[in-house]
Structure formats: structure tokens, C-alpha cells
A.B. asks: 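This structure is in C-alpha cells; I'll ask about it shortly.
Worth knowing before you read on, the calculation uses all heavy atoms, side chains too, and leaves out hydrogens, waters and symmetry mates. Here is the naming used below: chain letters follow the sequence lines, and residue numbers restart at 1 for every chain.
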Amino acid sequence: MSVQPETETGTAAVAAETPEEGAYSFAAMEAKWPQVWEDLKVFTPVDDGSRERRYVLDMFPYPSGDLHMGHAEAFAMGDVVARYLRQKGFDVLHPIGWDSFGLPAENAAIKRNAHPSEWTYANIDTQAASFKRYAISADWSRRVHTSDPEYYRWTQWLFKRFYERGLAYRKDSPVNWCPKDQTVLANEQVVNGACERCGTPVTKKSLNQWYFKITEYADRLLDDMDELRGHWPERVLAMQKNWIGRSEGAHVNFVIEAEGGKPAKDVTVFTTRPDTLYGATFFVVAADAPIAVELVTEEHAAGLDAYREQVKALTEIERQSTEREKTGVFTGRYAVNPLNGEKLPVWAADYVLADYGTGAIMAVPAHDQRDLDFATTFDLPVRAVLDTGEEDPTVSGKATSGEGTLINSGILDGLPKAEAIPAAIGILEEQGTGEKFVNFRLRDWLLSRQRFWGTPIPIIHCPSCGEVPVPDEQLPVRLPADLRGEDLSPKGTSPLAAAEAWVNVDCPNCHGPAKRDTDTMDTFVDSSWYFLRFVSPQYTEGPFDPAKINEWMPVGQYVGGVEHAILHLLYARFFTKVIHDLGMIDADEPFSALLNQGQVLNGGKAMSKSLGNGVDLSEQLDKYGVDAVRLTMIFASPPEDDVDWADVSPSGSAKFLARAWRLAQDVTSEPGADVSAGDRALRSVTHRTIADAAALLDTNKFNVVVAKLMELVNATRKTIDAAAGAGGADPAVREAAETVAVILSLFAPYTAEDMWNVLGHPASVANAGWPVHDEALLVQETVTAVVQVQGKVRDRVEVSPGIGEDELRELALASENVQRALDGRGIRTVIVRAPKLVNIVPA
RNA sequence: GCCCCAGUAGCCCAAUUGGCAGAGGCAGCGGACUUAAAAUCCGCGUGUUGCGAGUUCGAGUCUCGCCUGGGGCACCA
């Protein structure tokens with residue numbers, strides 16, 4: 001489907017059919033060059049240390065059908081970087097692989113009564129062929145699929161290392177449950193209370209699940225972002241920071257007094273406002289936490305039960321609504337404020353979250369809006385302890401949270417808020433009832449999935465030995481091959497449980513009958529270390545070759561969509577840090593630089609089936625050619641901005657490519673012709689372009705590089721067509737055309753290769769090397785200096801670039817236009833910025 | 001509610017980081033070539049740099065406050 005109405009005739013010049021002799025034909029080039037590149041192994045790194053190494057990585061694709069427009073953009077960007085660094089003389093590792101475990105394969109298998117691997121590997125083949133057509137400069141010999149046993153063997157091996165370090169553990173806990181997909185979801189996969197995948201409202205369910213203890217790395221994941229600043233997009237760092245959610249405050253211990261036959265109990269709360277302890281007027285525990293049941297007196301137990309049922313019936317969407325009225329029940333218990341001994345009623349409510357902080361809070365209604373809403377609903381007392389100058393919360397209904405001075409707070413009275421916080425913590429620490437504490441929003445990573453098409457968890461459950469890891473030499477624990485179709489449909493437990501022959505094994509420890517763990521790992525586990533596997537994908541003694549890993553890691557430039565700003569990147573960072581701590585790699589951050597390419601939109605909206613605004617990549621490639629599509633992606637906007645396919649012109653790109661290609665046709669000088677006598681003006685443009693392009697590529701301004709290249713093509717055309725001069729025989733024209741070919745090879749590999757061939761050079765232009773610019777040719781003979789009076793341009797003078805400040809000042813003051821503008825006024829100051837500008841300020 | 005990013009010509013976007021607002025492209029208009037058209041080649045750019053203040057000799061660029069759009073987090077104590 002064509003998005004933009006293109007007339008048939010409008011594309012005639014690039015049409016694939018029956019090209020005229022000597023005409024630009026993308027189809028002919030696409031047929032000719034891939035085999036040449038493959039034979040020359042152009043994109044396989046030499047990996048022998050003779051050249052400095054650089055690792056350029058695109059986020060590997062999930063094999064859902066064929067490549068789409070989004071892939072076309074992302075991989076065009078990554079390929080520019082890889083091809084540029086290769087031209088610059090680096091040994092570039094630019095691998096490709098597939099994130100090939102995942103739910104869609106399973107759904108397809110159920111639908112077609114097949115094994116998920118059939119759909120998966122068929123799609124991989126399709127995508128691989130498309131990538132080759134798209135001419136990404138990947139080293140195909142390093143191809144990796146996460147669903148290959150040779151790969152997931154090492155995912156399991158790494159899981160075991162995490163397990164041994166106490167970083168992988170099981171616990172019973174309420175988990176996010178998607179009733180439709182019949183599977184557990186990580187917090188990250190719950191979007192606005194609904195399943196990220198199918199949109200079904202998520203409910204809670206208690207299950208025994210595997211977790212990675214990512215919270216143990218919260219501090220480092222946060223602190224080490226400092227070394228990424230400036231090389232990662234600011235918004236990604238901001239998102240990760242928010243997600244980790246570090247907040248400083250205190251743990252405060254409250255004693256819940258014995259009551260109604262229940263014994264006294266210590267309960268700790270987390271607060272960021274220990275300065276407001278005197279303002280606590282009640283105490284709240286999360287209604288759905290075990291502590292609520294433990295505390296409630298017999299008298300109030302029935303009330304709590306009913307309330308808990310009511311809470312459980314709510315979906316996450318309902319529960320998270322901030323407009324909802326506060327609800328809760330009294331537990332019959334009282335907590336003692338450690339600072340003033342006051343007795344506070346203990347309530348259970350659902351506005352306190354069981355899995356944040358300690359699941360219990362001290363409520364300070366005067367200075368916290370949620371507490372105030374609750375106090376208003378249940379007619380609980382409100383006591384201001386901070387004079388902020390704002391209106392009394394009991395009157396305004398608005399809790400005050402600004403700066404101010406402590407009141408009604410015993411010995412803290414009179415202190416400003418900033419001093420009262422440490423003072424309160426000091427008192428608590430002194431009396432042993434609390435301490436400074438840093439709390440994180442980040443939770444442990446729930447990695448179990450009740451799914452088939454994933455990496456099996458390499459644990460055996462033995463009735464006598466408990467959890468027993470599968471010995472390393474027995475890895476991989478392979479997925480059973482005999483489950484297919486309906487066997488895989490969701491039943492609330494993992495489909496693997498149905499494979500009895502697979503499940504029932506001998507305990508590696510006591511050799512008694514035991515059962516395999518039937519969960520598989522979240523596919524984010526697979527993608528948390530694939531970049532390490534690419535370094536030595538055939539290595540059989542470990543996940544990667546220790547002799548190679550530090551030569552390539554960290555990844556110098558990672559390219560991918562912002563949709564992975566939190567999950568994948570945080571997990572990959574976590575894995576890298578753990579593997580670093582295992583002493584296996586030097587790097588403790590995986591990706592030194594990150595580039596988030598924008599999305600490809602159509603008509604201002606993301607392409608989607610429901611909107612019917614999808615653009616088919618292969619149709620675009622058929623119509624305009626690979627190079628034109630790639631160039632359009634690059635030229636449309638800065639890499640990180642969205643590209644609206646309705647706003648851009650692939651036919652315009654095709655036109656430019658043909659124009660560039662014709663330059664090579666018009667060159668009549670021989671390769672290696674002495675260029676020193678060539679047209680100086682054109683040479684100047686050529687060398688300026690080389691210098692500018694390098695600077696622009698270093699800062700990822702790929703769209704501007706294309707604009708500069710267009711200027712060079714225009715200048716070259718003009719020189720060829722000029723009535724005076726040597727035209728196509730001028731060696732400066734050859735120099736320009738060769739420069740165009742080399743720079744163009746980053747964006748349009750087919751056209752560039754063909755130009756290079758026409759210019760009489762052997763393949764491949766990808767190895768031509770970045771041209772060296774001649775500084776002498778960048779120096780302009782004269783520059784235009786602007787003369788301003790009071791900031792307004794009044795004159796221009798042609799001066800030598802080396803002109804001195806004094807000389808330029810004299811020239812400017814001598815100008816008639818300046819004198820007229822001054823109109824007899826005296827001069828206060830003259831600002832001279834030689835050789836470009838003079839600004840005269842009248843008195 | 002909190003945080004991040006963006007806003008320049010009809011459209012996509014440049015602007016050497018504080019120095020002439022315009023590089024490149026799309027669209028449009030005109031010319032050359034052609035019997036004609038296409039292709040090709042050449043030519044044509046005044047606009048509240050979202051708005052308002054401030055700093056400065058000088059602001060698209062820096063500061064503050066708003067507006068609009070996009071994104072992230074959100075009953076997180």
C-alpha cells in the first residue's frame with residue numbers, strides 16, 4: 001500500500017523493469033552485490049587485535065513475521081554507525097541474532113497444532129533473508145537464537161550462578177495474574193492495571209515464584225548512571241531513576257500494644273518525613289498484607305475479613321484510581337508513638353500498599369493529602385506540626401507539604417524542616433526506636449512464567465533434598481519436543497507439567513524420585529546477556545570466551561527503541577553487574593552509549609492493524625529500492641525523532657541516489673589521477689564535506705550528513721556541466737565522486753558499491769577507508785565580516801580570515817553605512833569578533 | 001500531581017553551541033530541452049523562531065514564568 005500518492009510516472013526513473021542502458025537500476029544492484037559482499041566477508045571482524053575494536057549493536061529482533069518499517073529505521077541507524085566506524089579503520093563487531101522465545105510462538109503453535117519452534121524458525125528465516133536484502137553490514141557467522149539449546153544452556157548456567165549467590169530465590173507472594181493469558185506478569189508488564197499484552201485487567205494471585213534479587217543492586221544501578229550521562233538519552237536515565245525510585249527517610253518502630261487477647265507487636269514503618277512524627281494521629285497497615293490479619297482483634301476480625309474480600313474483588317485499575325474514596329477498617333489495636341508515647345488507632349486500608357516500604361505507615365493527615373482524605377472520611381484527628389504559612393489543613397482540606405518551622409513537636413519545636421528531619425532521626429537512633437533508611441520503589445524481578453516456549457528453570461524439586469540445581473554437566477535442560485498444539489494452551493500451571501516423562505527425574509543428590517521445576521524464565525532473562533554471547537557464539541566451555549570478552553565489551557554503541565528504556569536496559573545492566581561481580585568480565589555497564597531511534601508513524605499515528613495505516617516494508621522496498629528506503633529513514637529527521645512516512649519522500653531519495661550515481665558515470669579520468677591541479681572550488685567543497693560529515697557522524701546527526709552529501713553532489717554536477725573547465729575529465733570531479741561513494745556507503749550501500757565499481761575500484765567500497773581531508777583546502781580566501789550598529793546589520797566587508805581585531809575595527813568604522821547609522825552619535829563600545837563580526841554600540 | 005523531551009517557512013528539518021534566521025529535501029511556481037509529455041538540468045524563500053519577561057553590545061540558542069504537543073511515573077508514605 002502506498003501512503004503518499006505517487007504517480008506511476010514519478011517513479012519511472014527508479015523502476016525495476018527493463019532499465020535503459022546506463023540507467024540507474026536498484027533491482028540490478030540488489031541482484032548483483034550481496035553475493036560479492038558475502039564472498040569477501042566484508043563484515044566479519046578480523047578479531048586479531050591488529051585494529052582497534054568497536055562493538056556496535058542493534059537490539060535484536062523478535063521473530064514475529066517479516067521485518068516491518070520500525071526494523072527498517074532502527075537497523076538503518078545502527079548500520080550507519082557500524083559502517084562509519086569500519087570506514088574509520090576500526091575492527092567492527094556488528095552481529096545479528098533473534099530473541100526467539102516468547103508467547104506469540106506459543107499462541108501460533110496452539111492455533112496451528114504445531115510446535116512453537118516451527119513458527120519461530122520459519123519467521124527467523126524470513127527475517128534473515130530480509131535483513132540480507134536490506135544489506136545490514138552484519139557478521140552472519142555469529143548469528144544467535146535464544147531458543148537454541150546451545151544458547152539457553154548458558155542462560156540456565158547463569159541462572160545457577162545467580163542462585164548460588166542467593167540472587168535467585170523462590171517465595172510465596174501475591175503476583176500479578178492475567179486471567180486471559182493464564183500467566184504471571186512482572187510489575188513492568190502491568191500497564192495501568194492491565195496486561196501489557198492483551199489488555200485484560202490484572203488480578204492478584206498467590207503463587208510460589210522465582211525472583212531475581214535486583215533490589216540488592218538498586219544503589220549501584222542508580223549511582224552508575226553517572227557514567228552513562230551524556231552518552232545515553234537523558235529521558236532514559238530519568239525513567240530508570242524514577243523506576244528505581246530511591247527515597248531517603250527513616251524506619252520508625254511502633255509498638256502495637258497487647259489488646260483483646262493478642263500480644264504486643266513491633267511494627268516498623270518507612271517515612272520520608274520523620275520530622276512530622278508528632279503529627280501522627282493514626283496508623284495504617286495494608287489491608288491485603290498478612291500483618292493486618294495478625295493484628296486484628298477478635299472483635300474486629302469479621303469486619304476486616306469482609307473488607308479484605310472487598311479489596312480483592314477490585315481490579316488493579318479500580319484500586320489505583322486516585323479519585324476513589326478512601327476505605328478502611330479499624331483493627332481494634334493501638335500503636336505507641338516512640339517520640340511522644342501517644343496511642344494511635346491502627347487501621348487497615350487499601351491505600352497503603354503491601355509491597356512498598358514495610359506495608360505499614362504512620363499517618364500524618366496535616367501534611368499528607370492521602371492521610372488527610374482518610375482522616376476526613378473516618379473523622380480522625382488532624383494536628384499540624386509544621387507552620388508553613390499555608391492555610392490550616394483542617395479548614396482548607398489540603399495537606400501542607402512546604403517548608404516551614406516545627407510546632408506542637410516537643411523539643412523539635414522551632415526547627416526548620418530541613419534540620420528537624422535529621423534531628424528526629426537522631427532521637428530515634430539514640431533511643432533505639434528507629435534509624436535513617438533508604439527505600440526503593442524497585443521490587444525484585446519476578447522471572448517465573450507458567451509457559452512452555454521459554455528457558456526451563458534448571459532446578460529439580462526433591463521430596464527429601466528440597467531444591468536441587470541441575471548439575472552443570474547436565475545442562476541444557478532441554479524443552480520436551482513432544483508437546484504441541486493444545487498441549488500448550490493455558491491451564492493455570494505450566495504446560496511443562498503435562499510432560500510427565502520430562503518432569504519425573506531422579507534427584508541428582510539422593511537419586512530418589514523427584515520432579516523438575518515446570519516454570520520457564522521470563523524472556524527478558526534471555527535478552528539480558530545476549531550481547532555477551534555474540535563475542536564468542538560458538539564457545540562451548542561457558543557463556544562466552546573469557547579470553548575474548550574484555551576485548552569487545554562494553555558495547556560502544558547500542559541502538560534500539562525507547563520502549564526498552566526501563567525493562568530490558570535495567571535487566572541487562574543488572575546482569576552485567578552480577579557477571580562482573582562473578583569476576584567474569586571487567587565491564588560493569590554493558591552499553592557505553594545508547595541511541596534511541598524514533599518510531600515510524602503514518603499520518604501522525606503509530607502504524608497499527610486497527611487503524612489500518614500500516615505500511616508494508618517489502619512493498620516499499622519493491623517500489624523504491626532498499627537504498628531509497630534506508631536513505632529516507634536517515635534523512636527524514638534526527639535519529640531520535642519519529643519519522644512520519646506520510647511526510648517524507650522515498651521517491652525524492654531515489655531521485656537523489658540516481659543523481660549521485662550519474663556522477664560516477666560522468667567521470668572520465670582514471671583512478672589515481674593527480675588531483676592537485678583539479679578545480680579548487682570543488683575540491684574545497686569535497687574536503688569541507690569530509691570534515692563536516694565526520695563531525696556530524698560523531699554526534700549522530702545523520703540527517704545533516706545526508707544534506708551535506710546532497711550539497712556535494714550538487715556542486716559536483718555543477719562542475720561537470722560548467723561550460724568552462726574540464727567537466728568530467730577534471731580529477732577534482734573524480735575526487736568528489738569517490739568521496740560521495742564512500743560517504744554514501746553508510747546510507748545506501750548498493751548505490752555506493754555500484755558507483756565505486758563504475759569508478760574503477762574493486763569491491764568493496766565498505767573497506768575504502770574514510771577519506772582524509774586536506775586542511776589547506778578548508779581555508780577560505782576571504783570571509784564576509786558583518787558590521788552591526790546596535791546589533792543591527794549595517795554593512796558587510798570581505799576580509800582575509802586571518803584579519804586582526806584592530807584592522808577589522810578600522811575597516812568597520814570607516815564604512816559609510818556605519819557612519820550613516822551612527823548619525824553623528826559617539827561610540828560607547830566596539831565589540832570585535834574577528835574575522836566574522838563587529839558590533840558598534842553608540843553612546 | 002511529579003519528572004523528562006520538543007515547538008524555526010505550507011510540510012520534514014539546518015543554524016559552527018551567544019554573533020547575518022536558512023544548509024538540504026518535499027510540495028509549489030517559472031525557465032531550458034522536447035512536436036508534446038516524462039526524465040534531466042537551471043532558477044525562485046519576510047518568518048511574531050509557541051507566548052511574555054529577564055540577562056547581554058547582541059538571544060532561535062542562556063534564566064524565569066506561561067501555552068501547546070509527546071513521553072514516563074503515580075494512593076510509592
A.B. asks: So which protein nitrogen or oxygen atoms get under 3.5 Å of nucleotides 42-46 of chain B's nitrogens or oxygens?
C.D. replies:
unit_1: B/G43; atom_1: OP1; unit_2: A/K718; atom_2: NZ; d: 3.4

A.B. asks: Between B/C26, B/A77, B/A23, which nucleotide gets closest to the side-chain atoms of A/K655?
C.D. replies: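 Nearest listed nucleotide: B/C26.
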A.B. asks: What does A/V841 touch in the nucleic acid at a heavy-atom separation under 4.0 angstrom: a base, only the sugar-phosphate, or nothing?
C.D. replies: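 Since only primed, P, OP1 and OP2 atoms lie under 4.0 Å of A/V841, the category is sugar-phosphate.
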A.B. asks: Quick check against the 3.5 Å criterion: does A/T719 have a side-chain atom that pairs as donor or acceptor with the backbone of A/A715?
C.D. replies: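 Here the side-chain-to-backbone pair exists.
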A.B. asks: Residues in ring-ring contact (aromatic ring centres under 6.0 Å, His included) with A/F635, at least two apart?
C.D. replies: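 Checked A/F635 against ring-ring contact (aromatic ring centres under 6.0 Å, His included); zero matches.
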A.B. asks: Quickly work out the A/F747 CZ to B/G25 P distance and round it to whole Å.
C.D. replies: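 So the CZ-P distance, A/F747 to B/G25, works out to 15 Å.
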A.B. asks: Looking at A/Y351, I'd like to know whether one of its side-chain N or O atoms comes within less than 4.0 Å of OP1 or OP2 on B/A77.
C.D. replies: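 No.
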A.B. asks: On a whole-Å scale, what distance lies between the P atoms belonging to B/C26 and B/C44?
C.D. replies: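 About 15 Å, rounded to a whole number of Å.
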A.B. asks: Figure out the CD/P separation between A/Q369 and B/C2, and round it to whole Å.
C.D. replies: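 Value for this atom pair: 13 Å.
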A.B. asks: With salt bridge (charged side-chain N to carboxylate O under 4.0 Å, His left out) as the test, would you mind laying out the steps for A/D721 and A/R717 before giving the verdict?
C.D. replies: CA-CA 6 Å; A/D721 290 348; A/R717 170 50 54 200; 3.1 Å; yes
A.B. asks: Between A/D627 and A/T751 (side chain of the first, backbone of the second, donor and acceptor by atom type, cut-off under 3.5 Å), is there such a pair?
C.D. replies: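 Such a contact is found between A/D627 side chain and A/T751 backbone.
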A.B. asks: Restricting to side-chain contact (heavy atoms from CB on, under 4.5 Å), what partner residues turn up for A/K836, sequence neighbours left out?
C.D. replies: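 Per chain and number, A/K836 pairs via side-chain contact (heavy atoms from CB on, under 4.5 Å) with no residue.
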A.B. asks: For A/T215 and A/D444, which I'm curious about, is there any donor-acceptor pair between the side chains at under 3.5 Å?
C.D. replies: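 The answer is yes; a qualifying pair exists.
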A.B. asks: Quick one: on RNA chain B, does A/M710 or A/M362 contact a more 5' nucleotide (nearest heavy atom)?
C.D. replies: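 The residue closer to the strand's 5' end, by nearest nucleotide, is A/M710.
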A.B. asks: When the C1' atoms of B/U61 and B/A6 are compared, how many Å lie between them, rounded to an integer?
C.D. replies: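 Approximately 15 Å lies between the C1' atom of B/A6 and that of B/U61.
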A.B. asks: Restricting to side chain to side chain donor-acceptor pair (under 3.5 Å), what partner residues turn up for A/R809, sequence neighbours left out?
C.D. replies: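 Partners of A/R809 by the side chain to side chain donor-acceptor pair (under 3.5 Å) criterion, ordered by chain and then number, come out as A/D806.
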A.B. asks: Measure the distance from CG on A/D644 to P on B/A6 and round it to the nearest whole Å.
C.D. replies: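 Rounding to the nearest Å, CG of A/D644 and P of B/A6 are 20 Å apart.
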A.B. asks: What is the distance, to the nearest angstrom, from the CZ atom on A/R688 to the P atom on B/A23?
C.D. replies: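 For the pair A/R688 CZ and B/A23 P, the rounded distance is 15 Å.
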A.B. asks: So if I take every side-chain heavy atom of A/A238 and compare against B/C3, B/U40, B/G24, which nucleotide ends up nearest?
C.D. replies: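 Looking only at side-chain atoms, A/A238 lies closest to B/C3.
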A.B. asks: If you look at every strand shown and take non-hydrogen atoms under 4.0 Å, does A/S247 touch a base, only sugar-phosphate, or nothing?
C.D. replies: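 If one applies the 4.0 Å heavy-atom cut-off, A/S247 turns out to touch the sugar-phosphate alone, with no base involved.
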A.B. asks: Syn or anti: how is B/U17 classified when any glycosidic angle within 90° of 0 counts as syn?
C.D. replies: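 Because its glycosidic torsion lies within 90° of 0, B/U17 adopts the syn conformation.
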A.B. asks: Whether the A/Q240 and A/W232 side chains hold a donor-acceptor pair (N or O, under 3.5 Å, no angle test) is what I'd like checked.
C.D. replies: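 No, no side-chain donor-acceptor pair sits under 3.5 Å.
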A.B. asks: Rounding to an integer number of angstrom, what distance separates B/A21 and B/A15 when you compare their C1' atoms?
C.D. replies: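 Looking at atom C1' only, B/A21 and B/A15 are 8 Å apart.
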A.B. asks: Mind checking if A/T272 touches a base, just sugar-phosphate, or nothing, with heavy atoms under 4.0 Å?
C.D. replies: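 Counting heavy atoms under 4.0 Å across all strands, the contact made by A/T272 is with sugar-phosphate only.
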A.B. asks: Taking the side chain as C-beta and beyond, is there a heavy-atom pair between A/I361 and A/T271 under 4.5 Å?
C.D. replies: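 They are not in side-chain contact.
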A.B. asks: Quantified in whole Å, what is the P atom distance between nucleotide B/G50 and nucleotide B/A59?
C.D. replies: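 So the two P atoms sit 15 Å from each other.
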A.B. asks: Taking side chain as C-beta onward, heavy atoms only, is A/T632 less than 4.5 Å from A/Y624?
C.D. replies: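 No, their side chains stay 4.5 Å or more apart.
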A.B. asks: Grab the CD1-P distance between A/I244 and B/C2 for me, whole Å please.
C.D. replies: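 Going from CD1 in A/I244 over to P in B/C2 covers 23 Å.
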A.B. asks: When you compare B/C42 with B/G24, how far apart are their P atoms, in angstrom units rounded to a whole number?
C.D. replies: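 So the two P atoms sit 12 Å from each other.
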A.B. asks: Provide the distance between the two P atoms, one in B/A27 and one in B/A36, to the nearest whole Å.
C.D. replies: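 Here B/A27 and B/A36 have their P atoms 24 Å from each other.
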A.B. asks: Could you list the residues that satisfy side-chain contact (heavy atoms from CB on, under 4.5 Å) with A/K718, not counting sequence neighbours?
C.D. replies: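 Per chain and number, A/K718 pairs via side-chain contact (heavy atoms from CB on, under 4.5 Å) with no residue.
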A.B. asks: Could you pick out which residue, A/A360 or A/V786, lies toward the 5' side of RNA chain B when each is mapped onto its nearest nucleotide?
C.D. replies: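 Here A/V786 is the residue nearer the 5' end.
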A.B. asks: My understanding is that only residues two or more places apart in sequence, or in another chain, count here; which of them pass ring-ring contact (aromatic ring centres under 6.0 Å, His included) with A/H251?
C.D. replies: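 Partners of A/H251 under the ring-ring contact (aromatic ring centres under 6.0 Å, His included) test: A/F437.
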A.B. asks: My understanding is that only residues two or more places apart in sequence, or in another chain, count here; which of them pass side chain to side chain donor-acceptor pair (under 3.5 Å) with A/Q599?
C.D. replies: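 Side chain to side chain donor-acceptor pair (under 3.5 Å) check on A/Q599 returns nothing, list empty.
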A.B. asks: Begin with the C-alpha distance, continue with both residues' side-chain angles, and end with the deciding distance and a verdict on side chain to side chain donor-acceptor pair (under 3.5 Å) for A/E403 and A/T388.
C.D. replies: CA-CA 6 Å; A/E403 299 301 315; A/T388 64; over 6 Å; no
A.B. asks: I'd like to check the side-chain contact (heavy atoms from CB on, under 4.5 Å) partners of A/T433; sequence neighbours left out, ordered by chain and number.
C.D. replies: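 Partners of A/T433 under the side-chain contact (heavy atoms from CB on, under 4.5 Å) test: A/P338, A/L428, A/Q431.
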A.B. asks: Quickly work out the A/Q597 CD to B/C5 C1' distance and round it to whole Å.
C.D. replies: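 These atoms are roughly 16 Å apart.
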A.B. asks: Give the B/S/- string for nucleotides 7-19 of chain B, one per nucleotide from 5' to 3', where a protein heavy atom under 4.0 Å of the base yields B, of only the sugar-phosphate yields S, and otherwise -.
C.D. replies: ----SSSSSBB-B
A.B. asks: Dump the pairs, protein N or O against N or O of nucleotides 71-73 of chain B, anything under 3.5 Å, distances to one decimal.
C.D. replies:
unit_1: B/C73; atom_1: O3'; unit_2: A/R441; atom_2: NH1; d: 3.0

A.B. asks: B/C5, B/C57, B/A77: which one has an atom nearest the side-chain heavy atoms of A/E234?
C.D. replies: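 Taking heavy atoms from C-beta onward, the closest nucleotide is B/C5.
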A.B. asks: Taking ring-ring contact (aromatic ring centres under 6.0 Å, His included) as the definition, give me every residue that meets it alongside A/F282, ordered by chain and number, with sequence neighbours left out.
C.D. replies: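 A/F374.
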A.B. asks: Using the P atom as the reference point in each nucleotide, state the distance between B/U49 and B/U56 in Å, no decimals.
C.D. replies: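 That atom pair is separated by 22 Å.
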A.B. asks: So that I can compare with my own list, what are the stems of RNA chain B, taken as at least three consecutive Watson-Crick or G-U pairs with distances under 3.5 Å?
C.D. replies: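 B:1-7 with B:67-73, B:10-12 with B:24-26, B:28-32 with B:40-44, B:50-54 with B:62-66 - these are the stems of 3 or more pairs that involve RNA chain B.
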A.B. asks: Write down the distance separating the P atoms in B/A38 and B/C29, rounded off to the nearest Å.
C.D. replies: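 After rounding to an integer number of Å, I get 12 Å for this pair.
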A.B. asks: Please give, in whole Å, the distance from B/A77 C1' to A/R246 CZ?
C.D. replies: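 In whole Å, B/A77 C1' lies 17 Å from A/R246 CZ.
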A.B. asks: Rounded to whole Å, please give me the gap between CG in A/L822 and P in B/C57.
C.D. replies: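 Those two atoms, CG and P, are 17 Å apart.
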